[in-house]
Each structure stands twice: as C-alpha cells, then as structure tokens.
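Quick note: numbers below take in every heavy atom, side chains included, and nothing from hydrogens, waters or symmetry partners. Positions are given from 1, in the same order as the sequence printed here. In this text the structure is predicted, and so the values were computed from the model without any measurement.
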Amino acid sequence: MTIKLNIIHMNFRLSYLTFNLIFFSFTTSIAQSNKKYDNLFYEKYNAISNQNLKDSVKSVHLKISKPKEDMPEYKKTDAIFSNGIRGSVYFYFDKFQRLQKRSGVVFPRLNYLEDDSKTEYEYEYNETNWVEKKELRSTLKKYYPVMDYNLLIKLNQIRIPKEDGRTWPHYREDKFEYEIDDAGRIINEKEYFVYRTGKETKNKKANDNDLINQKTFIYNEKGQVVNQKITVGLYAQNKMAYHFLGTECSYCKDLQLQYEYDSKSRITKIIMFGCGKVVAQQDYSYNSIKDYVETVKYYVTGNGEIANPTKNFVKTFNEQGDIIKREYIPDYPNQVIIQKISYYTYECDSHNNWIKCNIFLEGTPDGEPTLVAERKIEYYN
C-alpha cells in the first residue's frame, strides 16, 4: 500500500513538473513574441543609403582610393561601379540619428568632402510627427542587412532645395500615413510625395493626387507580417515603378511582398512578387552560435539584374554586419564574370564601425587591395 502511494505521489510530481515546464515554455514563447523593441523607424533616404552605423553618429565622410594602376582598364571601370562599398560621400545626422544632410554617390576620390556647401540634399522633420511615431514600438528585432524597411514606421521627411538656379519657390515632402489596429499593429501604410511650386507651396497637405502607393499588412497567428499587398496611387500611375530589393517592378495587380520567419521570429526570406513571377528574393541565414546574419542569398531580375553580372549571388557578413565576401553564381556554364568572388577586410574604431575597408575584387584576400575605402566618423558621445 505504501509503495503504491509513493508511486502515485511520484507520478503526480512528474506530471506537475511536466505541466510547469510546458507552461513555462509556453509563457516564455508568448513573452518573446510580445517583446517590444525600441522605436524602429526609418526616413526614406536614410534607409536607401543605410551604412550600418552604430552608436550616436554625428557625421560620416567616405573616400575611396583609385584602383590599382596595373589593372586592365575594363577591370578598373568595373571596380568603380561594382565594388560593393559605394554610397553617399557625406552624411550628417542630428542627435536623434535622423538624417540631416547627404551628398551624392561616391566615386574613387582621394580626399574627404569637407565643404558643406557641396551638400546635395538637406532634410527637415515635422516634430509633431516625430513625437507621435517615436512612441510606437515593434516586436521585430533589427538585424542588418535584413531588408525590413517596409515593415517599419517611416518618418515624414522634407527635402530642402539647394541653390540650383531655380528662382521659384518649391516644396518637397515624403509623407507616410498609417492605420493602426487595437493591438498597435500597422494594417495600412500610405506613401505620398507632396511636391508644390509657386503659390501652391502654401498648401502642404497631402491629397489623393500625391499618393504613390499603399500597402495592406497581412499577419499570421503569431502577429508576424507575412504579406503586404501593394496598390498604386494616382501619383505613380503610368509613370513610376515600385522599387525594392535592389530592383523595380511595375505596379501589377498582384504586386506584393512576402515574408517568412524562423522559430526565433527572425526573418528568413523576403520575396517581391509581381506580374505573375518572383521579381526579387533574399534568403537570410543566421550564425548558429551568435545572433547575427551570416549569409544572404540574392535573386534579382529587371534593373537589379542589369546592375549585377548574374541573377544569383551570395554575400557573407561578419558579426558587426559588414560584408566580408561576395560571390556571383553563374547564370549558365562558362559565363565570364569579371568579379566572381570579392573579399573585404576591415579596421574598426572603438564603436565597432569600420573606418578602413580593404577591397579585394580579384578573387583572393591577399596582397595589395584593389581599392581602399575609408570613413571618417564623428560621434555625439
């Protein structure tokens, strides 16, 4: 009798422990899925030129040396346009890390751009819009270089015109409006381009004629965005294509973005689908020990295919999110690719931002680099 009671007691304890383990696992899973991260937002032209900067950056100056002299001219030209590090020459951020100024795309140059008068674009922000949007939180953790731009809140951004010979006043604003549900999730985003000239600059309110497109967000049972339906607005109708994932697509009726996730709620795949086919796709693989994106597989057609020698290529990244290898996958046997494999090595500052990048475009990370990129970074802290 005593033995039987002990067995019953033991079984009860095992059942109790099993229940608690299952309950703990379940509640932990819920807590992780409901975890809110700091406000993740982008300004349109900051996201486009994202340089994977860490900490409170005030300004970034970029310069790239000329290609090696002993390279054939056709390889030098390819190196200038396809080195993997091209970006804006100059960035300036405010203390909230909002983009304030930037200059154009960098070509090989030996000196930093020090003269602010050469800045091509300046930006301002509606402070009311900033206060409202910065209070929103996301369940999506940011991983560079995952292209999660379309899942995040975007700030309205006013482009300040430079002295360019035009005498009439004009106003330009990229504006984003959101519809939020009771759970605090975005269910609709409208993107406007408000452009006014002359006397019209007094009316800065966006209207239907300014609408570029709108996205409808579709969620799964875990609260993750799995699809975004994209419809064209009057402004873009018959004159603009939709740009994303390094290419563009016409505003077809089936235009959409598709997302897949792993068990840790990390994005593993993004697809741009339109006109009955996959236009572009990125697949993300994460380091098995440390929580960062290790490799990205790219598939791109259209203009993105024209900008690259092949439809498929793979990039490998280090723990800091910096590219360390790029490999193009031939579209057909015996395809001649000028830069099939490229390597990148870095020197970083105390903030883990790179300040020197050796670029090897000839298939080996040894010897003299093909190009050298350098960044001079100024911080607020």
Side-chain angles (χ1 to χ4, degrees), residues 35-64 85-106 111-160 174 176 266 290-293 317-324 344-357 373-381:
K35 183 177 180 180
K36 296 286 187 178
Y37 294 95
D38 288 340
N39 46 304
L40 295 174
F41 53 81
Y42 279 126
E43 313 92 82
K44 183 174 182 178
Y45 293 94
N46 192 359
I48 291 172
S49 304
N50 194 334
Q51 300 222 356
N52 186 30
L53 296 166
K54 306 165 192 71
D55 287 346
S56 184
V57 174
K58 184 175 183 180
S59 65
V60 181
H61 286 76
L62 174 66
K63 69 174 182 179
I64 297 182
I85 300 295
R86 289 177 67 217
S88 291
V89 177
Y90 171 76
F91 284 100
Y92 182 84
F93 303 91
D94 67 13
K95 63 181 180 180
F96 299 114
Q97 297 300 278
R98 298 177 301 188
L99 182 63
Q100 295 287 294
K101 302 177 185 178
R102 71 181 176 98
S103 68
V105 174
V106 65
N111 299 306
Y112 293 113
L113 174 67
E114 300 289 358
D115 185 1
D116 285 1
S117 68
K118 295 180 181 179
T119 298
E120 295 179 12
Y121 300 99
E122 295 185 11
Y123 304 92
E124 288 184 356
Y125 302 90
N126 182 304
E127 294 305 317
T128 301
N129 177 259
W130 156 253
V131 170
E132 290 174 350
K133 289 179 178 177
K134 79 185 181 105
E135 295 303 319
L136 296 174
R137 295 292 183 268
S138 173
T139 57
L140 187 68
K141 183 178 179 180
K142 175 65 183 174
Y143 290 92
Y144 189 88
V146 176
M147 291 290 288
D148 55 6
Y149 169 73
N150 282 304
L151 297 176
L152 307 178
I153 293 288
K154 303 171 192 68
L155 295 179
N156 296 351
Q157 193 172 45
I158 302 169
R159 282 185 273 179
I160 309 301
D174 297 286
F176 298 86
R266 302 177 300 192
K290 297 184 179 181
D291 193 28
Y292 70 92
V293 176
F317 297 84
N318 62 20
E319 189 176 353
Q320 303 303 327
D322 302 315
I323 183 174
I324 56 175
Y344 307 81
T345 62
Y346 298 91
E347 293 178 16
C348 296
D349 62 16
S350 60
H351 300 262
N352 288 323
N353 288 316
W354 69 262
I355 52 177
K356 183 177 182 180
C357 174
E374 295 179 88
R375 297 196 301 191
K376 185 167 63 174
I377 305 175
E378 184 180 4
Y379 297 88
Y380 282 101
N381 57 1

Closest heavy-atom pair, F93 versus Y380, reported as atoms and distance to 0.1 Å, is O-OH, 2.6 Å
Check whether any side-chain heavy atom of V60 lies under 4.5 Å from a side-chain heavy atom of Y90, and answer yes or no.
no
Decide yes or no on salt bridge (charged side-chain N to carboxylate O under 4.0 Å, His left out) for D291 and K141, but give the supporting numbers first.
CA-CA 11 Å; D291 193 28; K141 183 178 179 180; 3.0 Å; yes
Knowing that exactly one of K376, Q100, E378 qualifies, which makes a side-chain hydrogen bond (donor to acceptor under 3.5 Å, both in side chains) with S59?
E378
How would you list, by chain and number, every residue that makes a side-chain contact (heavy atoms from CB on, under 4.5 Å) with F317, sequence neighbours excluded?
P145, V296, Y298, K315, I323
Report the C-alpha distance between V293 and R266 in whole Å, list the side-chain angles of each, state the deciding distance to 0.1 Å, and finish with yes or no for side chain to side chain contact (heavy atoms under 4.5 Å, CB included).
CA-CA 10 Å; V293 176; R266 302 177 300 192; over 6 Å; no
Side-chain contact test, heavy atoms from C-beta onward, threshold under 4.5 Å: evaluate it for F96 versus Y125 and give yes or no.
no
Would you call W354 and E347 a side-chain contact if the rule is heavy atoms closer than 4.5 Å?
no
Side chain of Q97, backbone of V57: donor and acceptor closer than 3.5 Å?
yes
Contact between K154 and Y149 at the side-chain level, heavy atoms closer than 4.5 Å - yes or no?
yes
Here the pair of heavy atoms bringing Y346 nearest to I85 is OH-CD1, 4.4 Å
Can you list the steps and then say if K54 with E319 is a salt bridge (charged side-chain N to carboxylate O under 4.0 Å, His left out)?
CA-CA 13 Å; K54 306 165 192 71; E319 189 176 353; over 6 Å; no
Considering non-hydrogen atoms only, spot the tightest contact between L62 and A373 and give its length.
CD1-CB, 4.4 Å
Between Y123 and K101, which heavy-atom pair has the shortest distance, and what is it?
CD1-N, 4.4 Å
Using 0.5 Å steps for rounding, measure from the CG atom of N126 to the CG atom of N156.
6.5 Å
Is there a donor-acceptor contact under 3.5 Å from the side chain of S56 to the main chain of N381?
no
Under a 3.5 Å distance rule, please check whether N129 uses its side chain to pair with a backbone N or O of F176 as donor and acceptor.
no
Any chance you could measure L53, atom CG, to F91, atom CZ, to the nearest 0.5 Å?
7.5 Å
Nearest-0.5 Å distance that lies between atom CD in E374 and atom SG in C357:
10.5 Å
Which residues pass the ring-ring contact (aromatic ring centres under 6.0 Å, His included) test with Y292, not counting sequence neighbours?
none
Rounding to 0.5 Å, atoms CD (E124) and CD1 (I160) come to a distance of 3.5 Å
D148 versus L152, closest heavy-atom pair with distance:
O-CG, 3.5 Å
Separation between CG (D322) and CG (N353), nearest 0.5 Å, reads 8.0 Å
How long is the span from the CD1 atom in I64 to the CZ atom in R375, to the nearest 0.5 Å?
11.0 Å
Could you tell me which non-hydrogen atom of V89 sits nearest to which non-hydrogen atom of S103, and how far apart they are?
CB-OG, 3.2 Å
